[in-house]
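Heads up: the structure comes next, in structure tokens.
Treat the numbers as computed from the prediction; the structure is a model and nothing was measured. Any value given below was found using the heavy atoms of this structure, including those in side chains, with hydrogens, waters and symmetry copies removed. Letters go in sequence order (proteins before strands), and every chain restarts at 1.
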Amino acid sequence: MIASFRNILSLIFTAVLLESCATDASDSKLCFIGDSITYGWDLRKEFPTYNTIVHAKKGARIQDVLSWDVSDCSGEPTVILMGTNNLGNMSGFLDSYTSALKHINGSRYYIVSILPRNEQNNSQYRKLTEQANANLKKLADEYTGSNVFIDAYPLFLQDGEIQQEYFTDGLHLSESGYDILSNIVRSKL
Amino acid sequence: MKKLVFLILLSISFSFGNIILGVSNSKYAFVRYESSSFWGGHFKQSILQQYPELQYGELGADFFLSLDNAIDFRTSPYFGLRYDGAYFCAGNKISVLWRRPSVLNVYLEIDPHYDSELGYNTFLESQLRLFITPHIGIVGGAKNSPEFRLPEARWFAGLLLNDEHSAILPYISVPLDPEQKHSIRFNLNFEYSI
């Protein structure tokens, strides 16, 4: 009986090996570009089978990326989650975002929507965020390559208010908030 | 069907040694077979939460030896790969556990490890286990072995609870690099011997 058990395991593993040898070798690199939300995201734990490369700074705005050395993301699939620090001044946001994508030179972009903050449903920030997210979706569709817009924004809201358990301070995410974010990003990779 | 599988595992276990099921570092499930002599094998699998081809599976052999019920040696050569062929890993985890005195155990591990994308690394881990009672211990240590895939130096501390058939180790792991302080983790290791 133990021999059968071992045989089954070895057959499964051999099949997997043959399948992997028959496929062109893929690349497991995955770049993340972001602000404090990405900085606080334990990407090694959440994406354990990837070689994650992270460029994230607290308080970063999208235009700041232009001065970062992100050459290790060139030609790699890249997840980008930025924009909440631009909400105070959105002039030129989309142009800066497009310039950042060019600067990063990723092979494919997973553009994550700006997440909601602890604001009233009809607040200025909320309207700006929704407008910016609509523009980011359009950018993902129109920018070179087959990019993906990941609309995480509604997952953090309930009846127009942020779900408090997903946030630590109304802006940064709690562990359960990061679980939500990780799950939706993983589902799109 | 579940009962049948359970009965098969149970009968194998009683006849030929132990089957051990468990979870390591919250993200991997494993099954390990240990014969009643000196050898065994294991299969480790990243827990499904992505597409199957992006999962990682690892198959390994285990050879173990206990001296005077006081020092346990173990060597576990292994080979693993992500199922889309993006990378493979190979290595040999070699460990020694001093179990005397019984209240204070010392565990050391070395793992020469090759990752086809990241290259070669030598991973080290050291642990002290202080047992308050025979079934409750405090575990602490340092390591540069990855909890997931990428190398990272961390220290850790946890509470080990065990009985005849199971062991559970919830632990906190903190990076040694202060730049990485945001990645303080709460992880869980668990195993159950059928």
- Task: Side chain from CB out, backbone as N, CA, C, O: work out which of these in B:Phe186 comes under 4.5 Å of a heavy atom of chain A, or both, or neither.
- Result: backbone
- Query: Quick check: does any side chain N or O of B:Glu117 sit under 3.5 Å from a backbone N or O of A:Ser28, one acting as donor and the other as acceptor?
  - Reply: yes
- If you measure from the Lys or Arg side-chain nitrogens to the Asp or Glu carboxylate oxygens, is any gap between B:Lys27 and A:Glu46 under 4.0 Å? yes
- Message: Any salt bridge linking B:Arg74 with B:Glu34? Criterion: basic side-chain nitrogen under 4.0 Å from a carboxylate oxygen.
- Response: yes
- Item | B:Tyr87 six-ring face occupied by B:Arg82 cation (under 6.0 Å, within 45°) | no
- Among side-chain atoms of B:Gln55 and B:Glu53, is any donor-acceptor pair under 3.5 angstrom? no
- Message: Can a side-chain donor-acceptor contact be found between B:Ser173 and B:Glu147 if the only test is distance below 3.5 angstrom?
- Response: yes
- Query: chain B contacts: which residues in residues 49-77 of chain A have a non-hydrogen atom closer than 4.5 Å to it?
  - Reply: A:Thr49, A:Tyr50, A:Asn51, A:Thr52
